Amino acid sequence: MARFPSSTHLSIRQKVVLGFALSIIAFVGVGIIAYYNLLTIERKIGFVVRGHELHNTLLEARRYEKNFLLYGQRENIKEALMHLERGKEVYLRLHPDVRGLKGITYLEKLESEMNGYGQLLRELVAEEGGHNSSPRTREEIEAEIRHVGKDLVDLSLRLSDFEHSRVQQIVKSLKTKIVFFASILLLLGSFLTVLVTRKIVRPLTVIEGTTKRIAQGDFKPLPVVQTRDETQSVVEAFNTMISELEKRQDQLVQAQKLSSLGILTSGIAHQLNNPLNNISTSCQILQ
């Protein structure tokens, strides 16, 4: 029986193992990618939450700043400075989470804006108490505070919105990857189904029908398909078995013929032996 090199053609066992191995690799790949993306999403969501907290804190600082500019109450400017310090505390908690994220450029600019805003508030307090050493007038300081405060709030909002949009992009990308890997798994499942049906189930059905046909005395061999795998080997072995059975049947028939001939000859000899014995006895008596 011919043997085919395994390096040229994969056997059914190797194909099934390869299919299951690829399926497992796909499952593991989906799991790793999903887990990594979920970790990234979790990190970014935490960043977005702290970013909104920072934005709200800066809004409070601006609210007290506007109240001070409108009503001139020193308590309002103190509250504005206190909320600005809280914003810096949120920034310090936020800064380690932004490492490796694209929003770090916004955060670094935000730090500079907060420092400048705080300096302007302190200049305004000094101007209010008559201790301002800045060459700028109160009107110039107020105009600068309004401008810097607006940029500060807008920048903090853009920072949160930027990372929020990044989260949406990651979720969209994760959906696409899941659909892609699910399609691969579906194709692998279809391949394994077709492989098992064509290479195992169908040949077994043919062999079962041939076995019943042999039992009825029909020794016609199976057609050999050049699949170069276990199916071809099984069919060739089955045809060899059919050929040997046919030879054994011919030998058995020949042996039965010889046995029948021997029985016939023995019967005839027995039938002839009795008259010959009588004739021999009668001749002896006559002599």
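Note that the structure is predicted; figures quoted are calculated from it, not measured.
Side chains of M114 and L58 form a contact here, defined as non-hydrogen atoms less than 4.5 Å apart. Side-chain contact between N37 and K177 is present, with at least one heavy-atom pair separated by less than 4.5 Å. Residues L54 and L110 are in side-chain contact: their nearest non-hydrogen atoms beyond the backbone lie under 4.5 Å apart.
Between E85 and R122 a salt bridge is recorded (basic side-chain N to carboxylate O distance below 4.0 Å). By the 4.0 Å N-to-carboxylate-O rule, R63 lies close enough to E60 to be salt-bridged with it. Salt bridge absent: R158 and D154 never bring a charged side-chain N and a carboxylate O closer than 4.0 Å.
Note: the hydrophobic cluster containing I77 also contains Y117 (ILVMFWY, side chain heavy atoms under 4.5 Å, direct or indirect links). A continuous path of Ile, Leu, Val, Met, Phe, Trp and Tyr side chains, each step under 4.5 Å between heavy atoms, connects I145 with L155, placing both in one hydrophobic cluster. Neither L152 nor Y64 shares a network with the other; the hydrophobic side chains, linked directly or stepwise wherever heavy atoms of I, L, V, M, F, W or Y lie under 4.5 Å apart, form separate groups for each. Under the 4.5 Å side-chain heavy-atom criterion for Ile, Leu, Val, Met, Phe, Trp and Tyr, L38 and I178 are members of distinct hydrophobic clusters. L157 is not connected to L59 by any chain of hydrophobic side-chain contacts under 4.5 Å among Ile, Leu, Val, Met, Phe, Trp and Tyr, and they are in different clusters.
Here the side chain of H83 pairs a donor or acceptor atom with the backbone of E79 at under 3.5 angstrom. Of the possible donor and acceptor atoms, none in the side chain of S112 sits under 3.5 Å from a partner among the backbone N and O of K109. For S173 (side chain) and Q169 (main-chain N/O), no donor-acceptor pair under 3.5 Å exists by modelled atom type.
Across all non-hydrogen atoms, the minimal contact from A61 to A80 is O-CB, 3.4 Å.
Other members of the hydrophobic cluster containing I24, listed by chain and number, are V28, I32; membership follows side-chain contacts under 4.5 Å among ILVMFWY residues, whether direct or relayed.
For R146, the side-chain contact (heavy atoms from CB on, under 4.5 Å) partners are R62, E65, L69, E142, not counting sequence neighbours.
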message = Could you go through H147 and D151, starting from their C-alpha distance and side-chain angles, then the distance that decides it, and tell me whether this counts as side-chain hydrogen bond (donor to acceptor under 3.5 Å, both in side chains)?
response = CA-CA 6 Å; H147 176 71; D151 290 343; 3.2 Å; yes

